[in-house]
Number of protein chains: 2
Amino acid sequence: MSNSKLYKGSLNTIILRLLSENSKMYGYEITQKVKELTKGALKITEGALYPALHKLEAEGLLDVEVQRVDNRLRKYYKLTEKGHRETVSKLNELERYIETMQALLNPKWAT
Amino acid sequence: MSNSKLYKGSLNTIILRLLSENSKMYGYEITQKVKELTKGALKITEGALYPALHKLEAEGLLDVEVQRVDNRLRKYYKLTEKGHRETVSKLNELERYIETMQALLNPKWAT
DNA sequence: AAATATACATAATTTACTTATGCATAATTT
DNA sequence: AAATTATGCATAAGTAAATTATGTATATTT
């Protein structure tokens, strides 16, 4: 994912956020989109992504639809109603995380 | 630590940052300082903190000095030279993480 | 006297990830 | 034409960082 451990715990947020903008995406597309948006700074590995997608689906946050394109399988995922709500929640969490960490990074008491 | 999974992987960064400002701190003091600075948003648990301090010490990033205050033990930690360098590195990582996540949070292609 | 705060510690478990491997087809390069 | 890379999915074994649950001990507050 990245050599930085800070990304641990961010994957679900990233997936949900991308799906909140793109309505439907398949796994490989997500890996490419993240690479593109972050200019290569972040690479989602398959070993992390696919289990995460399966879990989000099992939790009822994603619906899946299989398509065959150019004789190759694609599993398109999209947010459920519950998934939309969870996305809002996760994005709020991320914003609060950033605020909190910036408070530690740039505290008032810093020289 | 928090109900949010986003803090996973942030603990070492937090510890190093606090020690870069405070020159020496003991474990319990760190938990209280984090609680105070984040207005209760983040609580460092002992089960996470103490093993983390031990590991940072084992890696040569922290030095420890035991003191007895009011008949109670305190283990004061401070950054080594190597610890100072690692702190700079960790803070850069954090800033890059925030930039990257904000690029995903507020992408140009967002509606 | 009892409860809370201060101060440390560790062991068992959970969880999210990495690393490695596997299968299959399409497109590109040598 | 053959080999490599890209596309597209999947899972199993191992690792690392946390959570949860305990434990010990003294000081302070209710």
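Reckoned from all heavy atoms, side chains included, excluding hydrogens, waters and symmetry mates. So you know, we letter chains A, B, ... as the sequences are listed, proteins then strands, and number each from 1.
Gly47(B) comes within 4.0 angstrom of a nucleotide base, judged by non-hydrogen atoms across all strands. No contact: Lys43(A) has no heavy atom under 4.0 Å from any strand. Residue Thr31(A) is classed as having no contact, given no heavy-atom separation below 4.0 Å to the nucleic acid. Backbone-only engagement by Ser2(A) is indicated by non-hydrogen atom pairs under 4.0 Å involving sugar-phosphate atoms exclusively.
Of the side-chain N and O atoms in Asn71(B), one or more sit less than 4.0 angstrom from OP1 or OP2 of dA27(D). Distances shorter than 4.0 Å separate none of the side-chain N or O atoms of Tyr50(B) from OP1 or OP2 on dA9(C). For the OP1/OP2 pair of dA18(D) and a distance below 4.0 Å, the side-chain nitrogens and oxygens of Lys5(A) include no atom meeting the criterion.
When both distances must be under 3.5 Å, the Watson-Crick or G-U wobble mate of dT29(C) is dA2(D).
Comparing dA18(D), dA26(C), dC8(C) against the side chain of Lys8(B) picks out dA18(D) as the nearest. Taking the side chain of Met1(B) as heavy atoms from C-beta on, and the options dT19(D), dA17(D), dT11(D), the nearest nucleotide is dT19(D). For Arg72(B), taking side-chain heavy atoms from C-beta onward, the closest of the listed nucleotides dC8(C), dT26(D), dA18(D) is dT26(D). Residue His54(A) has its side chain nearest to dA10(D) when only dA9(C), dA10(D), dA16(C) are considered. Side chain of Arg74(B), nearest nucleotide from dG8(D), dA26(C), dC8(C): dC8(C). Relative to the side chain of Lys75(A), the nucleotides dA16(C), dC9(D), dA9(C) differ in distance, and dC9(D) lies closest. Side-chain proximity of Tyr77(B) to dT11(D), dA9(C), dA10(D): nearest is dA9(C). Taking only side-chain atoms of Gln32(A), from C-beta outward, the nucleotide of dT19(D), dA7(C), dT7(D) with the closest atom is dT7(D).
Tyr28(A) has its OH atom 14 Å from the C1' atom of dA24(C), to the nearest Å. Rounded to whole Å, atom C1' of dA17(D) lies 9 Å from atom CG of Asn12(B). Atom CG in Leu6(A) sits roughly 16 Å away from atom C1' in dT18(C) (whole-Å rounding). Counting to the nearest Å, the P atom of dC17(C) and the CG atom of Leu56(A) are 10 Å from each other. In this structure, the CD atom of Gln67(B) is 14 Å from the C1' atom of dA7(C), given to the nearest Å. Nucleotide dC9(D) holds its P atom 13 Å from the CD atom of Glu65(A), rounded to whole Å. Ile44(B) places its CD1 atom 15 Å from the P atom of dA17(D), with the value rounded to the nearest Å. Here dT25(C) presents its P atom at 11 Å from CG of Leu73(A), a figure rounded to the nearest Å.
Heavy-atom distances to DNA chain C give each of Glu46(A) and Glu46(B) a nearest nucleotide, and the one nearer the 5′ end belongs to Glu46(B). Both Tyr26(B) and Leu49(A) lie close to DNA chain C; mapped to their nearest nucleotides by heavy-atom distance, the more 5′-ward contact belongs to Tyr26(B).
Judged by distance alone, the side chain of Lys82(A) and the main-chain N or O of Glu59(A) form a donor-acceptor pair under 3.5 Å.
Note that CZ of Arg17(B) and CD of Glu21(B) are 4.5 Å apart. Values are rounded to the nearest 0.5 Å.
Tested against Lys33(A), the residues Ile30(A), Leu37(A), Thr31(A) include a single side-chain contact (heavy atoms from CB on, under 4.5 Å) partner, Leu37(A).
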When you look at Leu94(A) and Leu104(B), which way does the side-chain contact (heavy atoms from CB on, under 4.5 Å) test go after all the steps? CA-CA 11 Å; Leu94(A) 178 57; Leu104(B) 295 169; over 6 Å; no
Going through the checks in order, is the side-chain contact (heavy atoms from CB on, under 4.5 Å) test met by Met101(A) and Ser10(B)? CA-CA 9 Å; Met101(A) 290 303 284; Ser10(B) 310; 3.9 Å; yes
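Donor-acceptor pairing under 3.5 Å is recorded for the side chains of Thr100(B) and Tyr7(A).
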